[in-house]
2 protein chains.
Amino acid sequence: MSDLLERLRGRGWRMTAQRRVVAEVLDGEHVHLTADEVHARAVAKLPEISRATVYNTLGELVSLGEVLEVATDKRAKRYDPNAHRPHHHLVCAQCGAIRDVHPSGNPLADLPDTERYGFTVSGVEVTYRGVCPNCAAA
Amino acid sequence: MSDLLERLRGRGWRMTAQRRVVAEVLDGEHVHLTADEVHARAVAKLPEISRATVYNTLGELVSLGEVLEVATDKRAKRYDPNAHRPHHHLVCAQCGAIRDVHPSGNPLADLPDTERYGFTVSGVEVTYRGVCPNCAAA
DNA sequence: ACTTGACTTAGACAATGTCTATTGTAGGAT
DNA sequence: ATCCTACAATAGACATTGTCTAAGTCAAGT
């Protein structure tokens, strides 16, 4: 699991207790946490960590490409530690649960030149919407 | 252009000056405005309109399916009046410009049952990311 | 062990969105 | 035409999420 810490150290990251804790939180469970949830879990391990540090560290991890930002329609951005295998998301419209999914096909290939308006297209995100089994049962 | 107003009236909407103005702003230019931008344009036409009313009205329009909420990664949600022809979005990573696009293919068909985890999948949003010609030139 | 510049901190600030209590009014009823 | 009433609008407080700053702290190279 310290792959992540190793990679970061290799990139010249100064290794502090705070950064280690944030990295551990993300690496620990592959769910999609908001910044505040990350902060809450980080505080549990290192009570004096500040909110600003968590935001800073998440921002750095995103810049380094180690973590992805996911903007569903919820208010808060979520952070996805699974940045190394391309995937998309399936979101429950009721409870907000998020699953990683791997559709077949390549949506990038589905965008013809005539629909690109001169943009240099570099990526694509696909968000499926639906209702999860839990919410459907309720 | 009053298609929208007609439809709303048909659905039992009480027609007030404020709602008319908000509907006109959205119907007027097919761009993707934030709530505050809608508010600013509405104030230009009806100075005493309040922020809460704009938010309420946008929320109602979304519930009625007349307008779509678009969550790119920007802070503010944007509102897309083009709710009646399915389409997806192409976003400039630098300036945030948004274009409507119509990819070929159907991403819904690309999600096999084994990747649905029991969800009832009802929709899909595709967001292409890239750099627009303007920003590329700069 | 010293030094230095990157890192962290607390808390103010900013941006966006929501709620409440009050006042106003659209549109049907008379 | 006027009145009633439920629904809508208002101002502004509040909530949530994210950003910034100034000052203190510490990891890591020497």
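The analysis underlying the following values was restricted to heavy atoms, covering all of them including side chains, and did not include hydrogens, waters or symmetry mates. Predicted model only: the values in this text are computed from it and were never measured. In what follows, chains are A, B, ... by sequence order, proteins preceding strands, each numbered from 1.
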- Exercise: do D100(A) and H32(A) side chains pair donor with acceptor under 3.5 Å: yes
Rounded to whole Å, CD of E60(B) lies from P of dC7(D) at a distance of 12 Å
When rounded to whole Å, the NZ to P distance for the pair K77(B) and dT18(C) reads 5 Å
Exercise. Hey, is the side chain of Q18(A) poking within less than 4.0 Å of OP1 or OP2 on dT25(D), counting only N and O atoms?
Worked result: no
| task | Would you indicate, yes or no, if dG17(C) has its OP1 or OP2 atom less than 4.0 angstrom from a side-chain nitrogen or oxygen of Y55(B)? | result | yes
- Query: Do W13(A) and E60(A) touch side chain to side chain, with heavy atoms closer than 4.5 Å?
  - Reply: yes
Exercise for the section: Taking only Lys NZ, Arg NE, NH1 and NH2, and the carboxylate oxygens of Asp or Glu, determine whether K45(A) and E24(A) approach each other closer than 4.0 Å. Expected result: yes
Do E115(B) and R99(A) sit within salt-bridge range, that is, some charged N less than 4.0 Å from a carboxylate O? no
Candidates [options] - which lies nearest the side chain of [X]:
X      : options                  : result
T57(A) : dT8(C), dA11(D), dA10(C) : dT8(C)
R75(A) : dA11(D), dT9(C), dT16(C) : dT16(C)
R14(A) : dT8(C), dA8(D), dG5(C)   : dG5(C)
I49(B) : dT16(C), dA9(D), dT10(D) : dT10(D)
S50(A) : dA11(D), dT9(C), dT19(D) : dT9(C)

Query raised in the report: How is R51(A) classified with respect to the nucleic acid when contacts are heavy atoms under 4.0 Å: base, sugar-phosphate, or nothing?
Result: base
Open item on the list: What contact category does T16(A) fall into here, base, sugar-phosphate, or nothing, at under 4.0 angstrom with non-hydrogen atoms?
Closed with: sugar-phosphate
